[in-house]
Structure formats: structure tokens, C-alpha cells
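Just so we're on the same page: letters track the sequence lines, and every chain starts at 1.
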There are 4 protein chains.
Amino acid sequence: MEFNSTQAIYLQIADHLCDRIQLGQLAPEEKVPSVRELAVTLEVNPNTVMRSYEHLQQQEVIYTKRGMGYFVGPDAVKKITAMRREQFLQEELPAFFRRMYLLGIELDELKGRFEKFRQKQPKH
Amino acid sequence: MEFNSTQAIYLQIADHLCDRIQLGQLAPEEKVPSVRELAVTLEVNPNTVMRSYEHLQQQEVIYTKRGMGYFVGPDAVKKITAMRREQFLQEELPAFFRRMYLLGIELDELKGRFEKFRQKQPKH
Amino acid sequence: MEFNSTQAIYLQIADHLCDRIQLGQLAPEEKVPSVRELAVTLEVNPNTVMRSYEHLQQQEVIYTKRGMGYFVGPDAVKKITAMRREQFLQEELPAFFRRMYLLGIELDELKGRFEKFRQKQPKH
Amino acid sequence: MEFNSTQAIYLQIADHLCDRIQLGQLAPEEKVPSVRELAVTLEVNPNTVMRSYEHLQQQEVIYTKRGMGYFVGPDAVKKITAMRREQFLQEELPAFFRRMYLLGIELDELKGRFEKFRQKQPKH
DNA sequence: GTGGTCTAGACCACC
DNA sequence: GTGGTCTAGACCACA
């Protein structure tokens with residue numbers, strides 16, 4: 001996984017985990033990788049992974065069982081979708097429209113690109 | 001002007017100036033507000049405005065005449081548009097599509113919103 | 001390190017670091033001193049060192065790993081040499097020749113001095 | 001005349017006047033252009049030219065006759081040459097050698113360039 | 001008046 | 001520990 005430099009790594013990791021949950025790759029009540037394991041996989045400091053998990057736990061997306069690790073919360077999908085939908089409509093969409101407006105891009109121009117994008121997505 | 005806390009203030013100022021240039025509110029070769037003046041207007045430290053200007057100068061959007069102030073560069077609009085277009089297509093658009101995909105939103109659903117957005121924009 | 005007053009301190013620091021990289025005292029991918037550390041060594045404000053590093057980063061001579069420090073870029077030597085060679089041929093050399101011409105100095109007169117200079121340079 | 005941005009304009013003007021004196025284009029006791037006249041010619045602020053003249057007067061390269069203007073001092077050539085020679089040997093030459101050393105350039109490589117440079121100089 | 005540099009000190013996020 | 005941002009205030013050079 002590659003990280004961009006504009007956003008904190010721990011947030012990018014958390015985001016990626018949310019993606020996987022939303023896509024059903026991580027099911028509710030399923031155990032998520034251990035902090036150490038994921039740290040090795042992603043080649044980052046364990047502290048950084050820990051922060052991601054704490055962040056997700058605080059949003060009740062995952063929860064911890066002592067000595068057993070972190071697990072996907074029962075309503076994780078619903079919670080993530082709700083948060084992201086809110087975020088999308090309130091912040092991302094207006095910013096996106098503004099950019100399009102300043103660049104003189106029409107919504108119709110994006111149709112072809114969106115189709116192409118969707119075809120590249122793996123089935124799940 | 002209000003600043004959000006996720007992005008550095010000096011970048012938000014720079015971005016806002018780019019907006020104004022792109023909208024034609026600041027014409028090429030026109031003088032931009034002096035560092036001190038803008039600092040008072042925005043209620044920030046002059047150093048912070050200075051950083052914005054240095055950042056824009058480095059992108060050749062504005063240039064400086066000694067003892068006279070900063071001025072909008074001749075190709076400022078072209079440069080800004082090129083940079084933003086690149087950024088939009090390479091980064092913002094894919095991220096946006098991904099969000100839509102994960103939220104199950106179709107492009108057509110956005111049409112109405114986009115029209116409404118556009119009508120709110122001031123003429124220039 | 002002593003600073004002359006005609007050039008900004010942060011540029012002199014940047015220049016000095018380039019010297020050290022070009023001489024191989026700082027190898028590619030090696031960590032450069034932390035901002036605070038170098039500030040103490042040089043007896044300047046951390047902000048001033050920071051500016052040097054930002055300046056070098058922008059030229060892709062060094063790069064930053066978050067929370068870990070600044071590191072010499074992989075092509076640092078090549079980049080520095082290219083920039084300096086350009087600067088030398090386009091600006092320094094003509095200015096130098098002009099001075100010699102106006103002072104009536106011949107190139108041959110400098111030979112002895114150059115030899116003497118070179119012998120004083122430390123090996124590396 | 002074009003000004004580079006690294007050195008103060010008034011110093012570049014003063015330097016240029018010294019060049020002309022050294023080349024004999026301005027003879028001892030000859031009147032130098034009036035502040036206003038030179039300001040128009042160079043398209044700079046009269047204050048800037050004034051500063052150049054004050055700077056040169058302080059070095060006894062030119063002197064002023066009230067109501068008549070500035071004139072080249074009797075020993076101007078000698079003074080300029082002495083100052084420049086000193087400056088050249090103490091500062092420019094070591095810096096120049098250092099640059100050559102770091103760039104791996106030999107003195108002999110410059111011979112051809114120097115000849116070419118000299119042939120382009122106008123006779124005087 | 002203008003930009004530009006520097007210091008001192010604070011606070012934050014990240015690893 | 002690391003970089004990064006911001007404020008406050010000073011001083012200088014330049015036009």
C-alpha cells in the first residue's frame with residue numbers, strides 16, 4: 001500500500017480498513033489483523049497502526065476483546081456508510097462542484113470516465 | 001474569510017488567491033494586496049501571508065518587484081488551470097469515484113445538485 | 001560556521017549542506033541532522049534551519065519522512081552538480097571574465113594560485 | 001540595462017558606472033549623467049540613482065559640485081582598480097576556485113571560453 | 001510605503 | 001524524538 005503525503009498515515013490506514021469493511025472483505029464480528037501483523041505488512045511503525053485502531057474504536061467501527069485482538073463491530077457497515085454519506089454530501093460534493101465550476105468541466109464529461117472506473121473494480 | 005483547521009492557513013490563503021485570479025477578480029499584472037494589508041484583512045500574522053506569497057511565487061503565479069509589492073504573473077490563469085486540472089484528474093476524480101462507488105451513488109443523482117450549485121454562483 | 005552578511009543565512013546553510021553532499025560527506029539516503037540539532041550547532045533559530053531544509057526539499061535535494069527527519073535524496077549529487085554547473089557557466093563565469101578583463105589579469109597568472117588552492121583541499 | 005534580482009539595483013548601477021569609468025568611457029573630471037536623466041534612461045526611481053551616486057561619492061569615485069552635478073573624481077580609475085583588485089583576490093577568486101573544484105573543472109578548460117569572451121569586447 | 005530575514009517561543013501532529 | 005505551522009515583534013534593504 002502506498003501512502004500519500006497530504007494525509008496522516010494512520011488515517012489512511014483507518015480509511016483503507018473502512019473500505020474493506022464496506023466491501024465485505026472484513027465481515028462484522030470478524031477479527032481484524034493484529035497490530036503487529038498489519039504493521040509488518042504495511043511497513044509502518046506499530047504505534048501508527050495502533051492509532052488507526054484507536055481511531056476506529058472511538059467511532060465504534062471496531063471493538064477490542066482483551067487479549068484477543070480487535071474485531072469488526074456489528075453495525076460497522078451502517079456506521080461507516082452513514083459517516084461517509086454525511087461527509088460526502090456536506091463537504092466533498094460542494095468542493096468537487098466548485099472545482100468543476102472553476103475548471104469549466106461539465107458533469108456529462110465525467111460519464112465515460114466513471115464507467116471505465118467502475119469496470120475496473122473487482123467484484124465482491 | 002474562515003479557515004478550516006485541516007489545511008495550513010497559508011495554503012488556504014494561496015488557494016483563495018488562485019480562485020480570485022481564475023475568476024478574473026485579480027487580473028494579470030495587477031498588484032495583489034501588500035503582505036501587511038492582507039494580514040490585517042484576514043486577521044493573521046504577516047509572516048503567514050508572506051508564506052502564501054512565497055508559495056505562489058515559486059509556482060510563478062505571482063512575482064515580486066522590489067519595494068513595490070507582488071503582482072499577478074502574466075500566465076497566472078493558465079498556470080493555475082493547468083495545475084488544478086492535473087490535480088483534479090489524477091487525484092480528486094479517482095477518489096471521488098471511489099467514494100461514490102462505495103456509497104452506491106450514481107452520477108445521474110448528482111445532476112440536480114450540480115444545477116442548483118451552479119445557479120448560486122455569482123456572475124463575473 | 002561563520003555567516004557573511006550579504007546573503008541570507010538560510011541560503012548559506014543550504015549551500016553548505018550541498019557542499020557536504022557533493023563532497024560525499026553526506027551520502028544519498030542518509031539522514032541529515034534534525035532541524036533542532038543543527039540549529040543548536042549553528043547557533044541559529046530552528047526556523048532558519050527549517051527554511052534551509054524547505055528550500056532544499058523544493059529542489060529535491062533532500063526529502064522528508066514524517067516524524068523521522070530529513071534524508072538526502074537519491075539523485076542529490078546529480079541535481080546539485082547540474083544546478084551549479086548551469087549557474088557557473090551562465091552567470092559566474094561571464095562575471096568572472098569581465099572582472100579579469102577590467103583588471104587586466106590573464107588566465108595564466110591564476111595557474112599557480114589554483115594549484116596552491118587545490119593542494120590545501122582535504123582528501124575525501 | 002537589465003538587473004538581476006540577487007543584488008540591489010543601486011549597487012548594480014554603481015558597478016556599471018565603475019565599469020564605464022574603468023573603460024575610459026567616462027573620463028576623470030567628466031560630468032556623469034544627472035540623477036533624473038539616468039533614472040529615465042534606466043527606467044528606475046530617481047531615488048535609486050541617487051543612492052548609487054551617494055555610494056560612489058562615499059568611495060571618492062565621484063564628487064559633487066553644488067548645482068552642477070556629479071563628476072568623476074581625479075583618481076577614480078586608480079581607486080576602482082584598487083578596490084576591485086582587492087575584492088577579486090580576497091573573495092571572488094577563492095570562491096571561484098572552490099566552485100571549479102566542486103564541479104571538477106580544470107583551469108585549462110576555460111582558456112577557449114576566455115579567448116572567445118575577449119574577442120567580443122568592444123575596443124576602447 | 002514595500003518585501004525579506006531572523007529570533008523567540010508556542011503548539012500540534014506524527015512516528 | 002521528528003517535522004510543521006503560527007504568532008509576535010524586531011530590524012534591514014529597497015523604491
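Remark: C/Lys31 NZ is packed, more than 12 non-hydrogen atoms of other residues, nucleotides or ligands lying under 6.0 Å away. Residue D/Arg85 qualifies as open at atom CZ: its count of foreign heavy atoms under 6.0 Å is 12 or below.
Ring planes of B/Tyr10 and B/His55: perpendicular class, angle over 60° (limits at 30 and 60°). Relative ring orientation between D/Phe96 and C/Phe96 is described as parallel, the plane-to-plane angle staying below 30° on a 0-90° scale split at 30° and 60°.
At whole-Å resolution of the value, CG in C/Leu42 and P in E/dT5 are 18 Å apart. Atom-to-atom, CZ of C/Arg66 to C1' of F/dT2 comes out at 12 Å; the value is rounded to the nearest Å. Remark: C1' of E/dG4 and CD of B/Glu54 are 8 Å apart, rounded to the nearest angstrom. Remark: P of E/dC6 and CG of C/Leu38 are 14 Å apart, rounded to the nearest angstrom. In this structure, B/Gln58 atom CD and E/dG4 atom C1' are separated by 16 Å, rounded to whole Å. Atom CD in B/Glu43 sits roughly 15 Å away from atom C1' in F/dC6 (whole-Å rounding). With rounding to whole Å, C/His55 atom NE2 is found 18 Å from F/dG3 atom P. Rounding to whole angstrom units, CE of residue B/Met50 and P of E/dT5 are separated by 6 Å.
Along DNA chain F, the nucleotide nearest C/Met68 and the nucleotide nearest B/Gln12 are compared for position; the residue whose nucleotide lies closer to the 5' end is C/Met68. When each of B/Val32 and A/Asn47 is assigned the nucleotide of DNA chain E with its nearest heavy atom, B/Val32 is the one assigned upstream, toward the 5' end. Each of C/Ser34 and B/Val44 lies near DNA chain F, and the nucleotide nearest C/Ser34 is the one positioned closer to the 5' end. For B/Gly67 and C/Ala8, each mapped to the nucleotide of DNA chain E holding its nearest heavy atom, the one lying further toward the 5' end belongs to B/Gly67.
Contact check, D/Tyr10 against F/dC14: a side-chain N or O comes under 4.0 Å of OP1 or OP2. An OP1 or OP2 oxygen of F/dA15 is reached within less than 4.0 angstrom by no side-chain nitrogen or oxygen of D/Arg51. Of the side-chain N and O atoms in C/Thr48, one or more sit less than 4.0 angstrom from OP1 or OP2 of E/dT7. Distances shorter than 4.0 Å separate none of the side-chain N or O atoms of C/Tyr70 from OP1 or OP2 on F/dG3.
Judged purely by atom type and a 3.5 angstrom limit, B/Gln12 uses its side chain to pair as donor or acceptor with the backbone of B/Gln7.
Nearest nucleotide to the side chain of C/Val35, out of F/dT7, E/dC14, F/dG3: F/dG3.
Using Watson-Crick or G-U wobble geometry with both donor-acceptor distances under 3.5 Å, E/dG1 finds its partner in F/dC14.
Within the nucleic acid shown, D/Asn45 comes within 4.0 Å of sugar-phosphate atoms alone, with no base atom in reach, counting heavy atoms only. Nucleic acid contact class of C/Tyr53 (heavy atoms, under 4.0 Å, all strands): none.
The base of F/dG3 is paired with the side chain of C/Arg36 by a donor and an acceptor separated by under 3.5 Å.
Using a 4.0 Å cut-off between charged nitrogen and carboxylate oxygen, C/Arg20 and C/Glu30 do not count as a salt-bridge pair.
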